[in-house]
2 protein chains.
Amino acid sequence: MRPLFHPEIAEVPLEAILHALSDPARVTLFVDIVGRECSQNCSTLQAVLEKPIAKSTLSQHFKVLREAGLIRSERRGVEMLNTARCAEVEARYPGLLAAIVKAHSIQRQAEAEKTSRPAGS
Amino acid sequence: MRPLFHPEIAEVPLEAILHALSDPARVTLFVDIVGRECSQNCSTLQAVLEKPIAKSTLSQHFKVLREAGLIRSERRGVEMLNTARCAEVEARYPGLLAAIVKAHSIQRQAEAEKTSRPAGS
DNA sequence: TTCTTTGTTCAAAATTTCCGAACTTTTGAA
DNA sequence: TTCAAAAGTTCGGAAATTTTGAACAAAGAA
């Protein structure tokens with residue numbers, strides 16, 4: 001298996017970062033990774049998604065996050081441990097990831113309130 | 001011609017905003033609109049793009065920005081005047097647009113320096 | 001009216017994404 | 001060792017999205 005490619009943040013276009021996080025599944029996975037103490041493998045992380053997706057699609061999503069410089073994936077035995085590269089991205093694009101993670105949280109909160117109060121109350 | 005649709009920011013998923021700005025042409029157009037005092041029509045704004053694109057593609061790009069709640073387009077005679085909806089987006093997702101606009105500026109700056117100093121100097 | 005300018009819509013081509021099947025790598029059990 | 005299971009990757013075709021030229025619509029000027 002070819003070694004995984006991890007670009008320097010300086011090599012990653014801003015558009016690639018935004019594209020990586022413009023997918024519902026990917027931004028959810030990334031925010032979850034950011035919020036964890038310990039790195040987790042891909043299959044475990046899939047559990048945070050609302051809709052189940054194919055294993056090959058999940059692999060592709062992790063590749064997109066990795067090549068956007070957002071996560072680092074290390075092989076640990078048979079699994080991959082994924083960690084966020086927040087500090088590196090922050091060094092180049094200050095405030096970017098924090099704003100997106102916060103926005104995601106705000107959206108989740110709004111959805112939760114919408115669900116608990118079905119129609120105008 | 002059907003009236004243009006402008007969603008409430010609360011109705012726009014975060015992913016739609018990120019997707020709208022994940023395209024090189026769209027983020028460039030948007031950042032340009034944000035930086036202008038006066039609203040501009042679509043054709044004029046096309047001049048800020050590096051690569052020329054088809055008129056129909058440009059129209060589609062503005063539609064994507066509009067439906068992501070990022071710009072407001074008003075018909076003024078035969079042309080469309082576009083303005084950014086920064087304040088509204090800021091109210092829901094604090095810091096998001098500022099961070100992206102700033103990141104875009106940082107990237108432009110880095111590209112400029114790279115061009116003036118071709119290979120390691 | 002007729003022409004020009006600006007932007008939209010439509011349908012087909014080009015590109016990207018998703019998924020199932022097959023494959024690789026590593027671990028652990030027999 | 002050998003075999004099987006687990007976790008991901010790769011590949012090829014199907015499905016979805018994007019791009020584009022051509023035709024169309026609307027407003028204003030001649």
Side-chain angles (χ1 to χ4, degrees), chain A residues 1-6 13 15-30 32-33 38-68 70-83, chain B residues 1-6 13 15-30 32-33 38-68 70-83:
Chain A
M1 198 168 292
R2 277 191 277 130
L4 298 177
F5 174 59
H6 291 95
E15 291 84 347
I17 293 177
L18 298 180
H19 172 255
L21 298 177
S22 71
D23 179 271
R26 284 195 298 260
V27 70
T28 299
L29 289 169
F30 179 69
D32 191 87
I33 293 170
C38 302
S39 48
Q40 299 287 319
N41 67 40
C42 303
S43 300
T44 301
L45 287 163
Q46 177 165 28
V48 308
L49 301 181
E50 295 181 12
K51 296 177 184 175
I53 59 178
K55 195 169 56 157
S56 53
T57 305
L58 186 69
S59 176
Q60 182 59 28
H61 281 328
F62 276 97
K63 184 180 180 187
V64 171
L65 289 172
R66 204 157 48 226
E67 299 193 344
L70 293 170
I71 63 172
R72 188 173 297 282
S73 305
E74 291 175 274
R75 175 153 223 136
R76 175 74 168 278
V78 75
E79 60 194 10
M80 302 284 297
L81 295 188
N82 302 283
T83 52
Chain B
M1 199 168 293
R2 276 190 279 133
L4 298 177
F5 174 59
H6 291 94
E15 291 85 346
I17 293 178
L18 298 181
H19 171 255
L21 297 177
S22 72
D23 180 272
R26 285 195 298 259
V27 71
T28 299
L29 289 169
F30 178 70
D32 191 87
I33 293 171
C38 303
S39 49
Q40 299 287 320
N41 68 39
C42 303
S43 299
T44 302
L45 286 163
Q46 178 167 28
V48 308
L49 301 181
E50 294 181 12
K51 295 177 183 175
I53 59 177
K55 196 170 55 159
S56 52
T57 305
L58 186 68
S59 177
Q60 182 60 25
H61 281 330
F62 276 98
K63 183 181 180 186
V64 171
L65 289 172
R66 205 157 48 226
E67 299 191 345
L70 293 170
I71 63 171
R72 188 173 296 282
S73 306
E74 292 175 273
R75 173 152 226 137
R76 174 77 168 279
V78 73
E79 60 192 10
M80 301 284 297
L81 295 189
N82 302 284
T83 52

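Chain letters run A, B, ... following the sequence lines, proteins first and then strands; every chain starts at 1. Computed from a prediction, not measured in an experiment: that's the story for all the values here.
- The shortest distance between the side-chain N/O atoms of B:His19 and the OP1/OP2 oxygens of C:dT17 is not below 4.0 Å.
- The nearest whole Å value for the distance from the CD atom in B:Glu79 to the P atom in C:dT5 is 13 Å.
- Checking C:dC18, D:dT19, C:dT8 against the side-chain heavy atoms of B:Asp23 singles out D:dT19 as nearest.
- Across the protein-nucleic acid pair, B:Gln40 atom CD and C:dT6 atom P stand 13 Å apart, rounded to whole Å.
- Rounding to whole angstrom units, CZ of residue B:Arg26 and P of D:dT17 are separated by 13 Å.
- When the side-chain nitrogen and oxygen atoms of B:Arg76 are compared with OP1 and OP2 of C:dT5, none of them lie within a distance under 4.0 Å.
- One atom, CD of A:Glu67, and another, P of C:dT16, lie 14 Å apart when rounded to the nearest Å.
- B:Asn82 and B:Ser73 get closest at one heavy-atom pair: OD1-OG, 2.7 Å.
- One can place CG of B:Leu4 at 11 Å from P of C:dG7, the figure rounded to the nearest angstrom.
- Atom CZ of B:Phe62 is separated from atom C1' of C:dG7 by 11 Å (rounded to the nearest Å).
- Across all strands shown, C:dA30 forms a Watson-Crick or G-U wobble pair with D:dT1, both key distances being under 3.5 Å.
- The side-chain contact (heavy atoms from CB on, under 4.5 Å) test applied to B:Lys63 returns B:Gln60, B:Arg66, B:Glu67, not counting sequence neighbours.
- Every side-chain contact (heavy atoms from CB on, under 4.5 Å) that A:Thr57 has, sequence neighbours left out, goes to A:Ile53, A:Ala54, A:His61.
- With sequence neighbours excluded, the residues forming a side-chain contact (heavy atoms from CB on, under 4.5 Å) with A:Ser43 are A:Asn41, listed by chain and number.
- A straight line from NZ of A:Lys63 to C1' of C:dC18 spans 14 Å, rounded to a whole angstrom.
- Contacts with DNA chain D (heavy atom under 4.0 Å) in residues 42-60 of chain A: A:Cys42, A:Ser43, A:Lys55, A:Ser56, A:Ser59, listed by number.
- Closest to the B:Val78 side chain, of the nucleotides D:dA26, C:dT17, C:dC18, is D:dA26.
- A:Asp23 meets the salt bridge (Lys or Arg N to Asp or Glu O under 4.0 Å) test with no other residue; sequence neighbours excluded.
- Here the closest heavy-atom approach between residue A:Cys42 and residue A:Leu58 is recorded as O-CD2, 3.6 Å.
- Here B:Ser59 pairs with nothing under the side-chain contact (heavy atoms from CB on, under 4.5 Å) rule; sequence neighbours left out.
- The separation between B:His61 atom NE2 and D:dT18 atom P is 10 Å, rounded to whole Å.
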